[in-house]
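Notes follow the structure.
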Amino acid sequence: MPANKSLLVLPGDGIGPEVMGQVRRVVDWMDKRRAVTFDLAEDLVGGAAIDAHGIPVTDATVEKAMNVDAVLLGAVGGPKWDNLDFSKKPERGLLRLRKDLQLYANLRPALCFEALVDASTLKPEIVSGLDIMIVRELTGGVYFGEPRGIETLPNGERRGVNTQVYTTSEIRRVAAVAFELARKRSGRVTSCEKANVMESGVLWREEVQRLHDESFQDVELSHMYADNAAMQLVRNPKQFDVIVTDNLFGDILSDEASMLTGSLGMLPSASLGDVDETGRRKAMYEPVHGSAPDIAGQGKANPIATVLSLAMALRYSFDLAEDADLVEAAVERVLAKGIRTADIQAPGSQVVSTGQMGDALLAELEAMAA
């Protein structure tokens with residue numbers, strides 16, 4: 001390769017270090033067998049950073065994240081830090097990284113591996129072959145809008161206020177990510193909002209349509225109310241290719257879509273920012289699952305979601321689609337052989353530890369590379 005790829009690893013808390021250890025093994029294998037060399041650094045975030053530095057992420061760590069090609073994060077949080085002030089909790093480290101890196105587009109695939117079709121609560125024919133990408137706007141909307149807060153009214157009642165607000169540029173930049181992704185998939189985007197009852201939804205629909213007409217006419221665009229999209233996801237999910245939506249609806253729809261696969265521990269995600277003048281796009285990749293403190297340190301954690309997060313980094317940050325395909329194929333082959341961690345075990349499957357799952361994945365990578 002003309003230059004090494006830089007990757008900052010932030011294992012975090014709970015099962016984070018365990019699953020990230022298996023990712024490090026995949027990275028080492030690629031260095032030896034695929035001529036893909038990473039300049040890899042590791043640092044602390046979340047509770048681990050609180051224990052070491054008194055804060056959930058340091059300025060130095062954020063600076064490192066700003067200057068690498070991609071960040072790979074494990075998980076943050078746990079009961080040990082539950083009683084801290086809200087501003088100092090482990091999750092604030094993750095939120096600061098998203099904010100400072102301006103990661104406005106969250107990508108969450110909902111992919112149902114054929115070997116796990118029976119794990120879904122939906123009928124096999126509904127989810128077999130499922131492959132959806134949800135693009136959620138991550139830095140705007142009702143979670144960040146002002147004014148916000150809780151106030152006491154003159155009559156003694158209390159009122160909670162949150163503000164749903166979007167600008168043209170916020171909508172267009174996340175829609176552009178969705179259209180670009182669709183060009184590399186099946187060429188279809190469904191934009192979801194509530195234009196029937198919300199002015200912000202009207203603006204969202206108008207701006208997505210305008211951007212499509214200006215620059216992405218080769219992509220098929222449809223609009224759908226978010227509540228209907230929620231229903232359609234369980235009725236006929238395979239009608240979707242790429243879904244783009246705002247922060248609140250994206251939070252809800254992506255969680256719903258993730259459970260169509262029946263295995264939260266299998267799902268990766270990516271958070272992307274703008275492309276800078278050097279052509280680098282700030283990005284952070286992380287599994288959808290949490291820190292699972294109840295099984296931390298026991299070798300029970302499923303590393304697949306974090307390994308698939310690495311695959312997303314290979315695809316979207318490093319333009320190494322062939323290597324990403326290889327990692328994803330290794331996962332599929334392992335599952336097809338009935339090898340499972342405890343969270344995805346099924347009758348007749350071989351239940352393995354975190355490290356043994358890593359062994360199995362490396363064995364498949366080696367077999368395909370031979």
Side-chain angles (χ1 to χ4, degrees), residues 1 3-28 30-31 36-106 138-139 143-144 268-287 289-291 293 296-297 303 306 309-310 312-314 316-318:
M1 304 299 293
N4 290 357
K5 315 293 185 181
S6 58
L7 185 65
L8 175 63
V9 173
L10 302 174
D13 310 318
I15 63 172
E18 297 171 69
V19 295
M20 198 63 74
Q22 304 311 310
V23 172
R24 296 282 299 254
R25 295 177 68 191
V26 175
V27 170
D28 290 343
M30 296 187 73
D31 183 38
V36 179
T37 300
F38 290 92
D39 287 333
L40 194 147
E42 186 169 317
D43 213 324
L44 303 176
V45 70
I50 292 170
D51 290 347
H53 306 295
I55 53 176
V57 67
T58 66
D59 293 342
T61 302
V62 173
E63 184 65 21
K64 288 180 185 178
M66 298 283 284
N67 291 291
V68 295
D69 294 317
V71 177
L72 191 61
L73 185 141
V76 297
K80 179 180 179 180
W81 306 280
D82 279 351
N83 294 325
L84 293 176
D85 182 78
F86 181 76
S87 64
K88 297 180 181 179
K89 286 191 174 184
E91 293 78 9
R92 303 306 295 179
L94 173 59
L95 293 176
R96 183 183 170 190
L97 285 166
R98 287 175 177 172
K99 180 175 180 287
D100 286 15
L101 272 62
Q102 298 183 329
L103 306 177
Y104 59 83
N106 180 240
L138 199 58
T139 59
Y143 291 168
F144 295 94
S269 75
S271 299
L272 307 179
D274 276 327
V275 178
D276 64 21
E277 63 277 1
T278 69
R280 172 188 287 164
R281 167 172 257 156
K282 290 184 175 61
M284 182 162 63
Y285 300 87
E286 58 185 300
H289 65 67
S291 61
T306 315
S309 295
L310 172 65
M312 291 188 78
L314 294 172
Y316 298 120
S317 284
F318 303 124

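What you see is a predicted model, and the numbers here were worked out from it, not measured in a lab. What you see below is based on every heavy atom in this structure, not just the backbone, and it leaves out hydrogens, waters and symmetry mates. The first residue of the sequence shown is numbered 1, and numbering continues consecutively from there.
Side-chain atoms of Lys282 never come within 3.5 Å of backbone atoms of Asp274 as a donor-acceptor pair (strictly under, hydrogens ignored). Of the possible donor and acceptor atoms, none in the side chain of Ser291 sits under 3.5 Å from a partner among the backbone N and O of Asp13. A donor-acceptor contact shorter than 3.5 Å is absent between the side chain of Glu286 and the backbone of Ser309. Side-chain atoms of Asp69 come within 3.5 Å of backbone atoms of Ser6 as a donor-acceptor pair (strictly under, hydrogens ignored).
The NZ atom of Lys80 lies 3.5 Å from the CG atom of Asp51; values are rounded to the nearest 0.5 Å. With rounding to the nearest 0.5 angstrom, the CG atom of Asp100 is 10.0 Å from the CD atom of Glu63. Put simply, CG on Asp59 and CZ on Arg96 are 4.5 Å apart, with the number rounded to the nearest 0.5 Å. The OG1 atom of Thr139 lies 11.0 Å from the CG atom of Asn106; values are rounded to the nearest 0.5 Å. Distance check, rounded to the nearest 0.5 Å: CG of Leu101 to CE of Met284 gives 7.0 Å. From Leu94, atom CG reaches atom CG of Leu10 across 10.0 Å, with rounding to the nearest 0.5 Å.
Counting heavy atoms from C-beta on, the side chains of Thr306 and His289 come closer than 4.5 Å. A heavy-atom distance below 4.5 Å is found between the side chains of Ser317 and Tyr285. In this structure the side chain of Phe86 reaches within 4.5 angstrom of the side chain of Arg92, judged on heavy atoms. A 4.5 Å side-chain heavy-atom check between Met20 and Glu42 finds every atom pair outside the cut-off. Annotation: side chain of Thr61 is not in contact with side chain of Val45 (no heavy-atom distance under 4.5 Å).
A salt bridge is absent between Lys5 and Asp31: the closest approach of a Lys/Arg side-chain nitrogen to an acidic carboxylate oxygen does not fall below 4.0 angstrom.
In terms of heavy atoms, Gly93 sits closest to Pro56 at N-CB, 3.5 Å. When every heavy atom of Ile50 is checked against every heavy atom of Trp81, the shortest pair comes out as CG2-CD1, 4.1 Å. In terms of heavy atoms, Gly78 sits closest to Pro293 at CA-CG, 4.4 Å. When all heavy atoms are compared, the tightest approach of Ala48 to Gly12 is CB-O, 4.0 Å. Contact detail for Arg280 and Val68: the closest heavy-atom pair is CD-O, 3.5 Å. Looking at every heavy atom in both residues, Gly47 comes nearest to Pro90 through N-CB, 3.4 Å.
For Phe318 and Phe38, the distance between ring centers is under 6.0 angstrom.
Sparse packing is recorded around CD of Gln102, with 12 or fewer heavy atoms of other residues, nucleotides or ligands lying under 6.0 Å away. The number of heavy atoms from other shown groups lying within 6.0 Å of CG (Asp276) is above 12.
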Val27 vs Val9, test: side chain to side chain contact (heavy atoms under 4.5 Å, CB included). Steps then yes/no. CA-CA 11 Å; Val27 170; Val9 173; over 6 Å; no
